[in-house]
Structures are given as structure tokens and as C-alpha cells.
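Throughout, protein chains are lettered first and strands after them, A, B, ... in sequence-line order, and every chain is numbered starting at 1.
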2 protein chains.
Amino acid sequence: MPLDTVFAALGDPTRRTILAMLLEDDMAVTDVAEPFEMSLAAISKHLGVLTAAGLISQEKRGRVKWCKLEPDAMREASIWMQSFGQFEAVNLDDFERFLAVELDNAPSHPSKN
Amino acid sequence: MPLDTVFAALGDPTRRTILAMLLEDDMAVTDVAEPFEMSLAAISKHLGVLTAAGLISQEKRGRVKWCKLEPDAMREASIWMQSFGQFEAVNLDDFERFLAVELDNAPSHPSKN
DNA sequence: CGAAACGTCAACCAAATGGTTGAATATCGG
DNA sequence: CCGATATTCAACCATTTGGTTGACGTTTCG
């Protein structure tokens, strides 16, 4: 089940921090590792877990491997959680309308293709 | 971090199934365990994990311990995840205002009619 | 009272997880 | 070609996790 790997991946604070970093921009493995007090190999493993969960993708260009956030992977998990109540935080439909408006107003966003 | 325990708890399919069962109604431990092909002790442990994460609460009445879903525990995790949807194009300030409005809209009383 | 039902505890086990080091593999720049 | 940079691999280790079994403490009820 993809939910297994996604939730398990999100259960580690190092990995959640990495995801938050990638929210800013794509990053090379070495740059991802830099702020952490742990070996590069350990970060490489974390990135492997995130990749296996589909939460990021990694593309090698030259000797540098770029890490890119794949937020769609959270969608299924998010929807699963939403099913646990009207108590729940955000209405997804409202959220999508919000996103649609945001995308229209985005200044430097290249037109989709 | 509560996000650690919540996400980790959700990473197990047995525990997610238990939560889905409790969506229907509160249940006794024995009844929770009944559909699973695993010992009562194992289920008891799973319920302990869910309780530690705050996702359920357990109240003992007589010799029966009742398990009750606590969906509020998912709120923080849900909000965390939603901040990752299509983020590149989203203005964070707008997103936070959006969240504020969402949270302000009382979950259980209809807003307009 | 005494047996059955409810649930946890303790000890144990195999496998997975999160980390380390050191060697290995590409690739880039001079 | 050589050396530095980027990243993974492999072996290892300690801890956690998810499961088992059997004994144990409570509570209910005939």
C-alpha cells in the first residue's frame, strides 16, 4: 500500500525537514545534507526512503543528483486523513479553489503545458 | 514531536484499519481484534501506539475497555501535509489566511443558509 | 464461591530502521 | 591524466517494531 510508505516516510523528523527544504527549491544531495549533523550516507538513505514513497524524485545531471519535491504523493494520504471528519482541518474542495486562484495570480509562474 | 508519533502510527495498515473501524462506532478491545488474524495482545499493542499518538482514547468501564476515535489528533498532521500541495505557485501568506478562515468556520455548525 | 471473559504484562524472536564508517564509482576541472 | 567533488555501496551496529506465547489480575455472573 502506498499509504504505508508515505506515512512511514513522514514519521521521521529528518525527512519532514528535508521535504520542507525542498519546498523552497530543488536541491543537490550534498546541499540537502549540509544543515544536518549526520553523515552524507545517512541523508542519502533518507532520500531513498522519500523516493520510494514517491514524495520526491531524483534526477542525475552530471555528477550531481537533484532532488525534487513531488507533492502529489501526499494527496492520497491527505484525502485518507480528511475522511476522518468534518472536524478535520481543511476542506479539500475549498482548498483546490484556493489553489486555482493562486495559480492564476502567480506572478512568475510559467504557463502550464 | 507529535507529528512523529502520529505519522508513524498511521504508517501501519492494521492501525489504519482500526481507525477506520472506530469511525463507525466506539468499540471494545476484543471486538476491535476480532476481524484480524493476529493475537489479542498484538492488537492491544497497536491500540497502545494509537493511544500514545492521541489518535484514540481508551476508557475502562467494568472489565471492558472502550476505544474511541480522536480525530482532532490528525488535524496538525493534516495541515502540515496540505501545505505541500502544489506549493510552488502558492503564496504562503495567502495560504495562512486561507487556513485561518478554514479553522474559524466552525466544523459542526452550518455557516450560511 | 468458582469459572469464564476481558485485557495487559513479560519474555522472547525476527525483521526493519537509522545511524556509522570506509571503499567504490562517476564525473568535472585543470 | 590527476585530483577533487558528488554520491552510493557494503558491512556493521544498536534500537525499534510487530508479532508470538503463557501467565496474570479483574470483573462479571451462574
Side-chain angles (χ1 to χ4, degrees), chain A residues 1-22 25-70 73 77, chain B residues 1-22 25-70 73 77:
Chain A
M1 190 100 63
L3 287 184
D4 287 19
T5 51
V6 168
F7 279 129
L10 295 179
D12 184 278
T14 300
R15 289 193 289 261
R16 285 199 310 278
T17 301
I18 291 174
L19 291 175
M21 290 164 61
L22 292 176
D25 205 352
D26 298 358
M27 296 180 77
V29 172
T30 305
D31 295 332
V32 169
E34 196 272 330
F36 295 97
E37 288 179 346
M38 115 184 25
S39 70
L40 185 59
I43 296 296
S44 182
K45 280 192 190 180
H46 280 305
L47 292 172
V49 172
L50 291 170
T51 302
L55 288 162
I56 68 170
S57 59
Q58 292 180 285
E59 183 199 357
K60 192 170 178 184
R61 283 202 301 271
R63 59 181 166 177
V64 175
K65 204 164 181 180
W66 293 93
C67 304
K68 179 182 185 324
L69 190 63
E70 298 288 350
Chain B
M1 189 102 62
L3 287 184
D4 287 19
T5 50
V6 168
F7 279 129
L10 295 180
D12 184 277
T14 300
R15 289 193 290 261
R16 286 199 310 278
T17 302
I18 290 174
L19 291 175
M21 290 164 60
L22 292 175
D25 205 352
D26 298 358
M27 295 180 78
V29 173
T30 304
D31 295 332
V32 169
E34 195 272 329
F36 295 96
E37 288 181 346
M38 114 183 30
S39 70
L40 184 60
I43 295 295
S44 181
K45 280 192 188 180
H46 280 305
L47 292 171
V49 173
L50 290 170
T51 301
L55 289 162
I56 69 170
S57 58
Q58 293 181 284
E59 185 200 354
K60 192 170 176 184
R61 283 205 300 273
R63 61 181 167 178
V64 175
K65 204 165 181 181
W66 293 92
C67 305
K68 180 182 185 323
L69 190 63
E70 299 287 350

Just compare [options] and give me whichever is closest to any side-chain atom of [X].
X	options	answer
Ser44(B)	dG19(D), dT8(C), dA4(C)	dT8(C)
Ala41(B)	dT21(D), dC6(C), dT7(D)	dT21(D)
Lys65(A)	dG19(C), dG7(C), dT8(D)	dT8(D)
Val64(A)	dT21(C), dA6(D), dT8(D)	dA6(D)
Lys45(A)	dG19(C), dT8(D), dT21(D)	dG19(C)

Stepwise side-chain contact (heavy atoms from CB on, under 4.5 Å) test for Phe7(B) and Val6(A): CA-CA 9 Å; Phe7(B) 279 129; Val6(A) 168; over 6 Å; no
Between [X] ([atom1]) and [N] ([atom2]), how many Å, whole number?
X	N	atom1	atom2	answer
Met38(A)	dT17(C)	CE	C1'	13 Å
Leu47(B)	dC9(C)	CG	P	12 Å
Leu50(B)	dT17(D)	CG	P	13 Å
His46(B)	dG19(D)	NE2	P	4 Å
Glu59(A)	dT8(D)	CD	P	14 Å
Glu37(B)	dG18(D)	CD	P	18 Å
Leu40(B)	dG19(D)	CG	P	13 Å
Phe7(A)	dT17(C)	CZ	C1'	19 Å

Looking at [N], I'd like to know if its phosphate oxygens (OP1 or OP2) sit under 4.0 Å from a side-chain N or O belonging to [X].
X	N	value
Arg63(A)	dT8(D)	no
Lys60(B)	dG7(C)	no
Arg15(B)	dG18(D)	yes

Sugar-phosphate only, base, or nothing, as touched by Ala28(B) at under 4.0 Å among non-hydrogen atoms: sugar-phosphate
Val32(B) to Leu22(B) - nearest heavy-atom pair and separation: CG2-CD2, 4.5 Å
Shortest non-hydrogen contact between Pro35(B) and Met21(B), atoms and distance: CG-CE, 3.8 Å
CA sep, side-chain torsions, deciding dist, call: Asp4(B), Arg16(A), side-chain contact (heavy atoms from CB on, under 4.5 Å): CA-CA 9 Å; Asp4(B) 287 19; Arg16(A) 285 199 310 278; 2.6 Å; yes
Nearest-0.5 Å distance that lies between atom NZ in Lys65(B) and atom OG in Ser44(B): 6.5 Å
